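Have a look at the structure below, then the notes.
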Amino acid sequence: MILLPVPRKVEEKDGVLMLGMDTMIVMESGCPQGAYTYAGQLQEEAKTYAGLTLGINRGCLRSGDIGLGMDASLKEQQYTLNITQKGAELKGGSLQALGYAVQTLRQILRQCAGLLPCVEIADEPDLYNRGFYHDATRGRIQTLDNLKRLADTMCFYKMNQLQLYVEHTHLYRDLTELWRDDTPLTAAEILELDQYCYDRGIELVPSIATFGHLYKLLSTRSHEQLCELPDSAGKAFSFRDRMGHHTVNVSNPEALALIKDMMEEYMALFRTDKFNICADETFDLGKGRSQELAREKGTGVLYLEYIKELFDFLIERGKVPMFWGDIISGHPELYDRIPGQVVCLTWGYSENQSDREARILYEAGARQYLCPGTRGWNTWLNMMWGSYENVRKMCEYARKYKAIGVLNTDWGDFGHINHPLFSIPGLIYGAVFSWGEKVPAYEELSRQISVLEYGDVSGRLVDFWDQVNRQTAFSWHHAVTIKEWAGQGMDREQIRKFFEEEDMTGVPKRKKRLEELEVELRQISRSLDSRSRSLVQPTHVAIEMVLLWNEVGAQLTHLEEPGGREQRLALASRLERCLHYYQELWRSNSKEGDLGKITDVFCWYADVLRR
């Protein structure tokens with residue numbers, strides 16, 4: 001039996017509990033009203049996977065019932081689940097913990113249908129905060145329905161915190177120039193998502209850029225004077241420039257006032273006491289309009305003074321400030337000036353990730369979350385093994401350096417091109433590793449996720465996705481970089497030198513392997529639960545994207561050679577055809593966002609191939 005995260009104590013016993021038409025899901029006396037949401041989850045799971053419609057009631061248990069109740073002797077996130085031949089009892093030390101017991105029973109129902117094995121489970125997590133961080137700015141802004149599905153998945157795997165990264169993608173009432181050409185999240189959507197998450201034991205935490213990464217805000221005519229580097233308005237869009245520049249000018253007091261107004265408006269939508277100001281990658285700080293101030297004080301002090309203003313602003317309003325730790329880890333001697341309640345988010349995304357930053361900040365006295373990643377940025381299909389290894393190491397460091405949480409990140413560099421579906425295994429890796437230290441090896445955990453999450457009885461799906469990712473030769477990062485270099489006047493000789501480091505000679509071999517993987521996908525599809533077969537289309541499109549962009553990369557160094565024109569024309573058409581199917585998938589789960597900017601990259605390469 002697969003249970004994720006793996007419980008601390010599982011004692012299997014003889015016998016089974018057979019569910020039937022008289023089985024009721026009963027909220028016992030003293031059970032909070034919010035338990036009804038969890039009772040409904042159990043009811044839906046039984047209907048879907050056991051084919052039985054179980055009633056929901058409140059009161060006393062009868063033989064054969066499933067009881068939901070509270071146990072004051074249990075800790076806040078501790079639960080028990082006891083299945084006997086006479087019924088099932090689920091107890092939690094809190095409503096949230098009762099929800100964890102329900103998720104465990106849902107996983108058993110999913111595998112065992114109406115014959116539940118007798119078992120006694122006692123469980124609780126190692127880390128109190130186990131979160132997921134989704135980039136809702138740089139490309140993909142998921143629809144409210146899809147964000148609710150994300151919350152459902154997090155609930156199923158016992159995660160309890162969700163943050164959405166926002167730069168310009170909230171509809172601020174008075175900043176119309178900020179979002180006028182975009183599809184932002186509205187206040188009503190945030191309020192509805194906050195309630196939806198709360199009902200499922202998930203804390204929705206606001207997270208907005210307040211220092212660096214403010215491309216849209218600082219490129220507007222109204223606020224360009226608040227940018228550290230002058231002349232930020234009116235420039236052509238660049239994926240690279242958006243990420244690398246657009247830092248607030250800390251020497252201008254109007255900047256701080258504007259950011260505080262944005263924070264005030266945004267925080268009112270959330271019931272949590274936490275607020276993430278981000279404040280990462282302030283690459284331009286002290287290099288432009290605040291240069292003189294930086295010479296006087298030093299960039300470390302400039303950084304600290306600005307974020308401390310924001311921390312104090314939040315603390316005065318009863319909030320717990322959070323921020324990314326990449327800049328302050330370079331100035332640990334300044335950390336003692338940061339208020340004690342602040343939470344530092346220490347990130348690192350390599351499969352060979354060092355513990356350097358976590359150790360430095362631990363020694364500086366920081367309260368930390370450790371933040372690994374799903375490894376999906378700039379890829380058509382996430383790097384599963386890389387994510388597993390990264391999450392494993394960062395959760396190990398979280399325990400070693402006494403972190404108070406883990407926040408697993410799903411960034412969207414250069415447009416967030418990967419389908420949301422492909423980040424779910426990485427999300428589950430984070431849920432499993434942050435819960436406890438009983439974690440299967442990569443191959444086994446990926447098999448279990450394939451079975452439990454996707455109903456893939458072959459157990460091959462998740463590692464199959466990783467095999468597709470490994471065939472990438474010419475990545476989306478390559479494609480965007482070269483297009484933007486070309487727009488800046490880079491000549492062909494420079495591009496050739498680039499390709500000397502990025503060998504395209506293996507593209508034919510990769511093509512053959514991708515064609516084999518297409519066949520394997522059809523074989524796996526026969527092993528999928530019918531409800532999961534819709535993932536075949538996005539997987540098929542992702543395989544085709546890897547194949548096509550590899551071929552584009554192979555063609556770029558031969559554009560001036562005679563011959564091959566018909567092949568290049570055909571490749572341009574295939575790119576455009578695949579783009580059409582990709583756009584359909586995008587619009588099925590996300591607002592328009594940066595889809596137009598992604599489309600521009602495709603069209604540029606198609607035009608290059610036709611020249």
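Predicted model only: the values in this text are computed from it and were never measured. Counting from 1, the numbers follow the sequence of the chain as shown.
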Distance-only, no hydrogens or angles: does the [X] side chain make a donor-acceptor pair with backbone N or O of [Y] under 3.5 Å?
X	Y	result
Gln225	Ser222	yes
Glu228	Gly286	yes
Asn160	Asn129	no
Tyr349	Thr409	no
Lys591	Pro184	yes
His540	Gln537	no
Arg130	Gly430	no
Ser329	Asp326	yes
Thr346	Ala358	no
Ser387	Met383	no

Could you tell me how the ring of Trp476 sits relative to the ring of Trp549: parallel (under 30°), tilted (30 to 60°) or perpendicular (over 60°)? perpendicular
Parallel, tilted or perpendicular, judged at 30° and 60°: which one describes the rings of Tyr362 and Tyr401? tilted
Distance, nearest 0.5 Å, that separates [atom1] of [X] from [atom2] of [Y]:
X	Y	atom1	atom2	result
Leu256	Glu309	CG	CD	5.0 Å
Phe270	Lys319	CZ	NZ	9.5 Å
Asp194	Thr272	CG	OG1	8.0 Å
Leu345	Cys371	CG	SG	4.5 Å

Do Phe237 and Tyr215 have their ring centres less than 6.0 Å from each other? yes
Salt bridge check, [Y] against [X]: does any charged N sit closer than 4.0 Å to a carboxylate O?
X	Y	value
Asp152	Lys148	no
Arg140	Asp410	no
Lys216	Asp181	yes
Arg271	Glu203	no
Glu167	Arg242	no
Lys308	Asp312	yes
Arg173	Glu265	no
Asp413	Arg138	yes
Lys260	Glu316	no

More than 12 foreign heavy atoms under 6.0 Å from [atom1] of [X]: is that the case here?
X	atom1	value
Gln488	CD	yes
Tyr581	OH	no
Arg317	CZ	yes
Asp231	CG	no
Glu305	CD	yes

Take Tyr165 and Trp411, measure what ring-ring contact (aromatic ring centres under 6.0 Å, His included) needs, and give me the verdict at the end. CA-CA 9 Å; Tyr165 175 58; Trp411 292 106; 5.2 Å; yes
Under the criterion side-chain hydrogen bond (donor to acceptor under 3.5 Å, both in side chains), I'd like the reasoning laid out for His478 against Asn378: C-alpha separation, chi angles, the key distance, then a yes or no. CA-CA 9 Å; His478 293 141; Asn378 282 316; over 6 Å; no
Derivation and outcome, side-chain hydrogen bond (donor to acceptor under 3.5 Å, both in side chains), residues Asp182 and Thr169: CA-CA 7 Å; Asp182 218 305; Thr169 48; over 6 Å; no
From CA spacing to verdict: ring-ring contact (aromatic ring centres under 6.0 Å, His included), Tyr133, Trp347: CA-CA 12 Å; Tyr133 192 88; Trp347 56 266; over 10 Å; no
What's the verdict on side-chain contact (heavy atoms from CB on, under 4.5 Å) for Gln161 and Leu407, showing C-alpha distance, side-chain angles and the deciding distance? CA-CA 8 Å; Gln161 190 178 122; Leu407 187 63; 4.3 Å; yes
To check you understand the geometry: which heavy-atom pair defines the closest contact between [X] and [Y], and what is its length?
X	Y	answer
Gln96	Gly201	NE2-O, 3.1 Å
Cys227	Ser232	CB-OG, 3.7 Å
Ser238	Glu484	OG-OE1, 2.7 Å
Phe414	Thr481	CE2-OG1, 4.2 Å
Pro339	Ile315	CB-CD1, 3.6 Å
Trp586	Asp594	CZ2-N, 4.2 Å

Report yes if some heavy atom in the side chain of Thr539 is under 4.5 Å from a heavy atom in the side chain of Trp465; otherwise report no. yes
I'd like to check the ring pair (Phe, Tyr, Trp, His ring centres under 6.0 Å) partners of Tyr397; sequence neighbours left out, ordered by chain and number. none
Is there a ring-ring contact (aromatic ring centres under 6.0 Å, His included) between His170 and Tyr266 once you walk through the steps? CA-CA 8 Å; His170 169 62; Tyr266 197 52; 4.9 Å; yes
Begin from the C-alpha positions of Leu314 and Ile277 and carry the test side-chain contact (heavy atoms from CB on, under 4.5 Å) through to its verdict. CA-CA 10 Å; Leu314 290 168; Ile277 67 167; 3.7 Å; yes
Between Asn418 and Thr379, is a side-chain hydrogen bond (donor to acceptor under 3.5 Å, both in side chains) present by the stated rule, with each step listed? CA-CA 6 Å; Asn418 58 311; Thr379 65; 5.3 Å; no
Does Ile259 form a side-chain contact (heavy atoms from CB on, under 4.5 Å) with Phe211? I'd like the steps, not just the answer. CA-CA 8 Å; Ile259 294 299; Phe211 202 168; over 6 Å; no
cation_pi(Arg392, Tyr388) dist<6.0 Å, angle<=45: no
Would Glu592 and Thr183 count as a side-chain hydrogen bond (donor to acceptor under 3.5 Å, both in side chains) here? Give the steps. CA-CA 6 Å; Glu592 203 67 11; Thr183 49; over 6 Å; no
Verdict with reasoning, Tyr172 to Leu217, per side-chain contact (heavy atoms from CB on, under 4.5 Å): CA-CA 11 Å; Tyr172 293 96; Leu217 179 70; over 6 Å; no
